[in-house]
Amino acid sequence: MASPLISTRRYWALFVYVVLVSHASNGFYLPGSYMHTYSPNEEILVKVNSLTSIETELPFSYYSLPYCKPPGGVKKSAENLGELLMGDQIDNSPYRFRMNVNESIYLCTTPPLNEHEVKLLKQRTRDLYQVNMILDNLPALRYANQNGLKIQWTGFPVGYSPQNSNDDYIINHLKFRVLIHEYEGAGVQIIGTGEEGMGVISETDKSKTSGFEIVGFEVVPCSVKYEPEKMTKLHMYDNTSSISCPLELDRSQIIREQERVSFTYEVEFVKSDTRWPSRWDAYLKMDGARVHWFSILNSLMVIFFLAGIVFVIFLRTVRRDLTKYEELDKEAQAQMNEELSGWKLVVGDVFREPNHSKLLCVMIGDGVQITGMAVVTIVFAAFGFMSPASRGMLLTGMILLYLFLGIAAGYVSVRAWRTIKGTSEGWRSVAWSTACFFPGIVFVILTVLNFILWGSKSTGALPISLYFILISLWFCISVPLTLLGGHLGTRAEPIQYPVRTNQIPREIPARKYPSWLLVLGAGTLPFGTLFIELFFILSSIWLGRFYYVFGFLLIVLLLLVTVCAEVSVVLTYMHLCVEDWMWWWKAFYASGSVSLYVFLYSINYLVFDLQSLSGPVSAILYLGYSLIMAVAIMLSTGTIGFLTSFYFVHYLFASVKID
């Protein structure tokens, strides 16, 4: 018992120390990585990430192409769970800089390209693959002019294919521009949680931290044809003369068999006024703030419209009926009971057990788990705790939150089961199903997609070891916590129904139109609050853009929760008014049907915005991940709508005294 207590005390001591240090400093900053200052002439190493393309969405290893390898061999960097799931493969590279030293360097000359290498280079070039480099945790930025606009990209292309030409040219010369800021260690306390670990720079470390900090990393790619005989006389890291990027094709390096490609680079250090805490601003500039605000205003209009309907239902219809009913004497009440109409007629059936009640309880439990994960993640991200500098941290955090929220899922699903059944019998089966339902769907889809990625030899394929890790996390953390939550749910008091249920179910009157049309139509209102932000999220996932407007996303999430709750309440009341007491599943899908529109919008985005996406493999990957997202949204929004409707119906019939 002593060990956990000591561990807890250490965490509290660290927390108190950080708080005290932050009060003693002139500034406090929580970025995604530990600041590193470099002395003049100090060696800086560049890392390379997977090759990526918006055309195929299949990442490949940097060294799958005939690039120069570092002298000590290729070494992989330690990666977190999120990076592995995203298909990142970060390796060391032969590119080395010396702080504040401008130089032109020769790397290597390849052996004559064989048929396989030429075919691979041409394919990667025509599929618009980008090389992604990292310096001091910053991705390489490239600027290009397109239609008079300055466009910013991360990474640079493997090569390019000129118009009206069947030839392809490889990028073999890189002009790096490293922006640096001189740091004197004056009065700033910094705590970091990045790849270098956690640490605080104190006042006593000023002398150690004085130097230069890297605040920008830009690259200009070129294709240059060298004379192999001349270049092979050089050794790696020998100095070469600086060159300007040629515009003529005959001076560029063509990709064809028996060609020998020489790789060189230049680096220029430029002093900048940008300080280290602001160095990610260039990457996180999100244009179109007006569009985000338009989305929020549009959602507010929908909310006020629905709130007006709910207000009318409560104050004019329900309250008026209840007030009249309560003012009558007993004889008049008995007479009125025989003349009841609308929702009051279903008083003996409104809490009758729904069809597939176990599945409903399981989906509600999973919905609570997904909603909790989304809310906590977005709140943390909105307050800056999910920095893009910590690659994969967002996805890792989401997975860990989902695992530990299993206790909430088990509690809610089992308590709902007890409420519907009136007994705890069978709660273990409900808890097990809750622990396996959504993760099982995700596991099946990911396995199918993974076989496709394995067949394509992509770095996006999950290794077998990661599969075992995910399954271990699932069955060693999520399942036990869900069972624990279920056990707590059996101890909690079941929700008591305010009215008794008749033995014989009441016949539901026939209607001119099927109720599912109304349920499907209800999903358009929550989708209206979501679709603009959904466009930016899809662009960030599939077009390689940064998404960091989590403040807007948090507002949209709150609006979405409100709209889902209002839509479900209005629709449930409408069904009760036409004597339809089978409201349980309809309340769930009234708000959950938004997922159908999200999936259809994803298909629309694939057809009209991802026109560059090529090949059936890429389309299957896209649709597979979109299906996972749609199922998660259905469970989350459906749960919000159902729980709101349940408490609305409970309140409504608790106010009526009908025997």
Side-chain angles (χ1 to χ4, degrees), residues 41 43-48 51 62-74 91-126 129-131 133 135 140 142 155-162 165-178 217-270:
N41 247 6
E43 188 176 67
I44 315 168
L45 302 177
V46 179
K47 296 179 181 179
V48 288
L51 306 173
Y62 174 82
Y63 292 107
S64 63
L65 296 181
Y67 287 129
C68 304
K69 292 182 170 59
V74 178
D91 303 313
N92 61 335
S93 81
Y95 293 91
R96 297 178 180 178
F97 306 155
R98 287 184 294 161
M99 174 52 73
N100 214 15
V101 177
N102 300 339
E103 52 190 352
S104 299
I105 298 294
Y106 164 80
L107 281 180
C108 74
T109 300
T110 65
L113 297 176
N114 58 41
E115 182 184 358
H116 173 71
E117 291 171 333
V118 169
K119 183 180 177 182
L120 204 59
L121 281 169
K122 282 180 171 285
Q123 186 179 348
R124 297 289 181 264
T125 298
R126 292 176 182 179
Y129 269 87
Q130 303 284 313
V131 179
M133 291 189 166
L135 179 70
R142 174 172 60 94
F156 60 88
V158 169
Y160 63 93
S161 305
S165 173
N166 292 325
D167 294 325
D168 301 292
Y169 296 84
I170 189 172
I171 299 297
N172 63 332
H173 179 74
L174 301 174
K175 289 173 167 280
F176 294 109
R177 189 166 175 262
V178 181
F217 183 37
E218 300 170 7
V219 62
V220 177
C222 309
S223 180
V224 181
K225 184 172 179 61
Y226 293 105
E227 296 179 15
E229 295 79 11
K230 179 181 176 182
M231 300 304 288
T232 49
K233 295 177 182 178
L234 298 174
H235 298 91
M236 184 176 275
Y237 302 122
D238 282 353
N239 289 319
T240 62
S241 56
S242 176
I243 59 172
S244 57
C245 292
L247 299 175
E248 302 84 2
L249 291 180
D250 57 350
R251 294 176 55 197
S252 301
Q253 179 60 59
I254 194 170
I255 301 174
R256 64 185 173 201
E257 288 186 50
Q258 300 306 312
E259 282 286 326
R260 302 188 69 184
V261 182
S262 296
F263 289 91
T264 56
Y265 68 90
E266 298 176 37
V267 57
E268 177 190 10
F269 288 86
V270 180

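Numbers here simply count residues along the sequence, with the first being 1.
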#### Entry: E43 atom CD, neighbour heavy-atom count above 12 within 6.0 Å
yes
### Message
Any carboxylate oxygen within less than 4.0 angstrom of a Lys/Arg side-chain nitrogen, looking at E259 and K225?
### Response
yes
### Task
Give, for atom CD of Q253 and atom OG of S223, the distance between the pair rounded to the nearest 0.5 Å.
6.5 Å
### Query
Within a strict 4.5 Å, meaning less than it, do heavy atoms of the T125 and I170 side chains meet?
no
### Task
May I ask you to test the L234-T240 pair for a side-chain heavy-atom distance under 4.5 Å?
yes
### Query
Quick check: are there more than 12 heavy atoms from other residues, nucleotides or ligands sitting under 6.0 Å from CD of E115?
no
#### Entry: Heavy-atom side-chain proximity of F156 to C222 below 4.5 angstrom
no
### Query
If you round to the nearest 0.5 Å, how far is CD of E103 from CD1 of I105?
4.0 Å
### Query
V224 versus I243: any side-chain heavy-atom pair under 4.5 Å?
yes
### Query
Hey, are the side chains of I44 and L135 touching, using non-hydrogen atoms and a 4.5 Å cut-off?
yes
### Message
What I want to find out is whether D168 reaches R126 closely enough, with some N-O distance under 4.0 Å, to be called a salt bridge.
### Response
yes
### Query
If you draw a 6.0 Å radius around CG in N239, do more than 12 non-hydrogen atoms from other residues or ligands fall strictly inside?
yes
### Query
Between Y95 and F176, is the ring centre distance below 6.0 Å?
yes
### Task
Any chance you could measure L51, atom CG, to Y62, atom OH, to the nearest 0.5 Å?
8.0 Å
### Message
Nearest 0.5 Å, please: how far is OG in S93 from NZ in K69?
### Response
12.5 Å
### Query
So how far is it from K233 NZ to D238 CG, rounded to the nearest 0.5 Å?
13.5 Å
### Message
Tell me whether S165 contacts the main-chain N or O of P162 through its side chain, where contact means a donor paired with an acceptor under 3.5 Å.
### Response
no
### Message
Tell me whether R124 forms a cation-pi arrangement with Y129, defined as NZ or CZ under 6.0 Å from the six-membered ring centre and within 45 degrees of its axis.
### Response
yes
### Query
Hey, are the side chains of Y67 and V158 touching, using non-hydrogen atoms and a 4.5 Å cut-off?
yes
### Message
Side chains of H173 and Y226, heavy atoms from C-beta outward: is any pair under 4.5 Å?
### Response
yes
### Query
Quick one: does Y106's side chain get under 4.5 Å of F263's, heavy atoms only?
no
### Expected output: side-chain D167 to main-chain R256 donor-acceptor under 3.5 Å
no
### Task
Evaluate the criterion side-chain contact (heavy atoms from CB on, under 4.5 Å) for residue pair N172 and T264; output intermediate values, then yes/no.
CA-CA 7 Å; N172 63 332; T264 56; 6.0 Å; no
### Message
Can a donor-acceptor pair be found, under 3.5 Å and without considering hydrogens, that links the side chain of R260 to the backbone of T110?
### Response
yes
